[in-house]
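A short worksheet on the structure shown next.
Model, not experiment: these values are computed from the prediction. Read the numbers this way: they start at 1 and go in the same order the structure lists the ligands and their atoms. Note that the numbering runs from 1 along the sequence shown for the chain.
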Amino acid sequence: MRILISNDDGVLAPGLRALVEALAPLGEVTVVAPERECSGYSSALTLQQPLRVLKLDNGFYSVSGTPADCVHLALNGFLDFEPDVVVSGINAGANLGDDVIYSGTVAAAMEGRFLGKPALAVSLCGPHVREHGAPGFAVAAQWVAKLLMQGTQLVLPARTVLNINVPDVPEAQIRGIRMTRCGHRARAMDLRQMQDPRGRTVYWIGMAGEPADGGEGTDFQAIAENFVSVTPLTTDMTAYAASTAVVTWLEGMA
Ligand code: MN
């Protein structure tokens, strides 16, 4: 199995390294990842400037672009082979509910949607995942390895990506693994307004909102109950529930 690994926390991120270590025994691993952190970049592609690729001493490819750029490059001519599967992560932080539309981790997996096997986006959920040496990454990476080994038995519709969130708790406290749906978050926290050293006003975007729908069957609920959460995602964002109302509204204009 040829496994392409990318992320949005950057090529030096500990979550990426944990993933490489856990998946290397399963096949041939290639890493193509952004040279710096690109969390929140979603599926942005760099179209106004070229991309530069550096091969690091450890064999990882470091790209002067976004997570989507990395996987796009890898699947469209940069590599001289086609990977069987794309795995993105392991992100330092949750990608639950509305997070998926901003997530560079999910986007890197999405960019692998044309391959035969479902791409995986993997995130570690907990307040301490950015602390040095967080052991949760290794635990989460083992879950990914288990899923990939199981992968041959999974048949999914085309263009399906699996968004996986793993709770950052000791391995023995993980209660199992669940299929989930995306929950929803409430509105983000307020902006933080500050002064730069030259006295000008600047703004930091606030924290993501609290879960507004963290109810039955959601990814939020699974994580809160210490389950690994697996949400199938697709690019079709059509709001089918709205179609009747929109048709009726358009008829009124005729
Ligand atoms: Mn990230």
Side-chain angles (χ1 to χ4, degrees), residues 3-23 29 31-46 51 56 60-74 86-113 119-141 143-144 161-169 182-183 185 188-189 192 204-211 219-220 222-223 228-231 233:
I3 305 164
L4 175 67
I5 296 182
S6 193
N7 75 348
D8 78 354
D9 292 338
V11 71
L12 301 176
L16 180 85
R17 222 173 323 132
L19 204 48
V20 171
E21 280 166 21
L23 302 190
V29 167
V31 174
V32 184
E35 63 185 12
R36 59 191 173 83
E37 179 169 349
C38 299
S39 295
Y41 275 52
S42 188
S43 288
L45 289 176
T46 301
L51 296 166
L56 306 183
F60 295 3
Y61 293 104
S62 169
V63 179
S64 64
T66 67
D69 285 333
C70 291
V71 178
H72 196 91
L73 228 68
V86 174
V87 183
S88 172
I90 297 171
N91 189 58
N95 277 305
L96 300 166
D98 301 44
D99 299 343
V100 301
I101 64 172
Y102 303 104
S103 170
T105 305
V106 171
M110 277 288 183
E111 204 59 31
R113 67 190 176 278
L120 310 178
V122 191
S123 304
L124 184 63
C125 309
H128 307 296
V129 294
R130 283 187 180 260
E131 288 170 15
H132 181 68
F137 286 118
V139 174
W143 278 95
V144 180
V161 169
L162 297 179
N163 184 37
I164 298 158
N165 281 273
V166 180
D168 182 31
V169 295
C182 272
R185 286 193 187 273
M189 308 294 171
R192 290 286 187 87
W204 279 101
I205 285 182
M207 296 292 288
E210 292 294 322
D219 44 8
F220 287 108
I223 291 300
V228 177
S229 164
V230 180
T231 314
L233 302 176

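Not counting sequence neighbours, the partners of R130 by the side chain to side chain contact (heavy atoms under 4.5 Å, CB included) test are D9, E37, S39, A92. In this structure S42 satisfies the side chain to side chain contact (heavy atoms under 4.5 Å, CB included) test with no other residue, sequence neighbours excluded. Not counting sequence neighbours, F60 has no partner by the ring-ring contact (aromatic ring centres under 6.0 Å, His included) test.
Here the side chains of V106 and S88 are not in contact, with every heavy-atom distance at 4.5 Å or above.
For a distance threshold of 2.8 Å, the protein N, O or S atoms nearer than that to the Mn ion (ligand 1), listed by chain and number, are D8 OD1, D9 OD1, S39 OG, N91 OD1.
Within a 6.0 Å sphere centred on CD1 of I101, heavy atoms belonging to other residues, nucleotides or ligands number more than 12. The number of heavy-atom neighbours closer than 6.0 Å to CD of E210, taken from other residues, nucleotides and ligands shown, is 12 or below.
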